[in-house]
There are 2 protein chains.
Amino acid sequence: MEDKDVQKIKVPLKEHFGNYMVPVRDALEVFSGKWKIPIITALSFYETCGFKELERIIEGITPKMLSKELKYLETNLLITRKVENTRPVTVTYSITEYGKTCSTVMTELYRWGVEHRKKVFNIEGQTWDKC
Amino acid sequence: MEDKDVQKIKVPLKEHFGNYMVPVRDALEVFSGKWKIPIITALSFYETCGFKELERIIEGITPKMLSKELKYLETNLLITRKVENTRPVTVTYSITEYGKTCSTVMTELYRWGVEHRKKVFNIEGQTWDKC
DNA sequence: TATACTAGTATACAAAAGGATAGTATTATG
DNA sequence: CATAATACTATCCTTTTGTATACTAGTATA
């Protein structure tokens, strides 16, 4: 085999990148699905919300999905859950300082997404109201 | 109603953010699923690959999924498909210049994902080999 | 006493994503 | 003529994701 042939042999990604893609997947999982970004955005904006408040703020979400995603975000340290000693009992969900770091990723996704719309749909500006 | 009460009324996200989240979703869709990132990574690294080459490089992918995702990436202008006049006929998939801009998003996802692993799993460095 | 608020859970179902396996068509090689 | 390579497509099945609807338990209000 000659030297010039060596680069023609294409080996599995793992041999070049190892586990490079594992943290990329981790990050993606935090933002994937229909409701995680709305929840993070809501708690980033309002700082703290109750369960029913979130149900109203995030239009279309069912209590089952809200409950499920809140648990996910809590175990991932992005939000906290605190039961208040009120009558009736209220629960306040808050974004953590760590949760606020999501905004760097979301900003990057937003920037790229805007360019992508321009490129693929040839749409400029905020004219995608019917989406 | 007093001024201090105004900020307590929490309205749906749309009233504050409009369609802010639409391009975020668009970007997310391009990177979501099990195979799009491996395909983009493979074509970014090798520049150009055949169908069977991609099947070997991306371990575990089935021809059905590879075909489906290649079509998606092509309609999103991230890759190109070119039929070569060889015998047997070969098809070369290449990353576009635009497709290369994905790396900025993936780098951000990687950076955040590494920090996330440290935070949530308390794992430092590249020790997540069993994932 | 009836209604409504708090914060959820339970059950059933539909849709989407992905996997397993087999098959097609063409051409070249032994 | 059999085998193998190219690039896929087709069918069936399982898993994951999300929806719809109803329900629980406690407290407050009209």
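Side chains are part of it too, since the values below use all heavy atoms of this structure and drop only hydrogens, waters and symmetry mates. Sequence lines set the chain letters: A, B, ... in the order given, protein chains first and strands last, and positions in each chain run from 1.
Residue A/Arg56 places no side-chain N or O under 4.0 Å from the OP1 or OP2 atom of C/dA7. Taking side-chain N and O atoms only, B/Ser67 has a distance below 4.0 Å to OP1 or OP2 of D/dT9. Of the side-chain N and O atoms in B/Lys71, one or more sit less than 4.0 angstrom from OP1 or OP2 of D/dT9. In this model, the phosphate group of C/dG8 is approached by a side-chain N or O of A/Tyr93 to a distance below 4.0 Å at OP1 or OP2.
With the nearest nucleotide of DNA chain D identified for both A/Gly60 and A/Val89, A/Gly60 has the one nearer the 5' end. For A/Gly50 and B/Arg87, each mapped to the nucleotide of DNA chain C holding its nearest heavy atom, the one lying further toward the 5' end belongs to A/Gly50.
Not a single donor-acceptor contact under 3.5 angstrom links the side-chain atoms of A/Lys34 to the base of D/dT17.
A donor-acceptor pair shorter than 3.5 Å can be found between the side chains of A/Glu29 and A/Tyr72. With no hydrogens or angles considered, a side-chain donor-acceptor pair links A/Trp112 and B/Thr101 at under 3.5 Å.
When rounded to the nearest whole Å, the span between CG of A/Asn85 and P of D/dG26 equals 16 Å. Rounded to whole Å, atom C1' of C/dT9 lies 12 Å from atom NZ of A/Lys52. Per the geometry, NZ belonging to B/Lys68 stands 16 Å off C1' belonging to D/dC8, to the nearest Å. If you measure from atom CD of A/Glu53 to atom C1' of C/dC5, you get 13 Å, rounded to the nearest angstrom. Nucleotide D/dT16 holds its P atom 12 Å from the CD atom of A/Glu29, rounded to whole Å. With rounding to whole Å, A/Met65 atom CE is found 5 Å from D/dG18 atom P. Atom-to-atom, CH2 of A/Trp35 to P of D/dT16 comes out at 22 Å; the value is rounded to the nearest Å. Spacing between atom NZ of B/Lys64 and atom P of D/dC13 amounts to 13 Å, rounded to whole angstrom units.
Distances from the side chain of A/Arg81 to the nucleotides D/dC8, C/dA7, C/dA10 place C/dA7 closest. Across C/dA20, D/dG18, D/dC8, the shortest atom-to-atom separation from the side chain of B/Thr62 is found for C/dA20. The side chain of A/Pro63 lies closest to C/dG8 when the candidates are C/dG8, C/dG18, D/dC8. When distances are taken from the side chain of A/Thr90 to each of D/dG26, C/dG18, C/dA7, the shortest belongs to C/dA7.
At the heavy-atom level, A/Gly33 lies under 4.0 Å from the strands shown only through sugar-phosphate atoms.
In this structure, the ring of B/Tyr98 has its center less than 6.0 angstrom from the ring center of A/His116. For B/His16 and A/Tyr46, the distance between ring centers is under 6.0 angstrom.
Considering all non-hydrogen atoms of both residues, B/Glu53 and B/Thr48 come closest at OE1-O, 4.4 Å.
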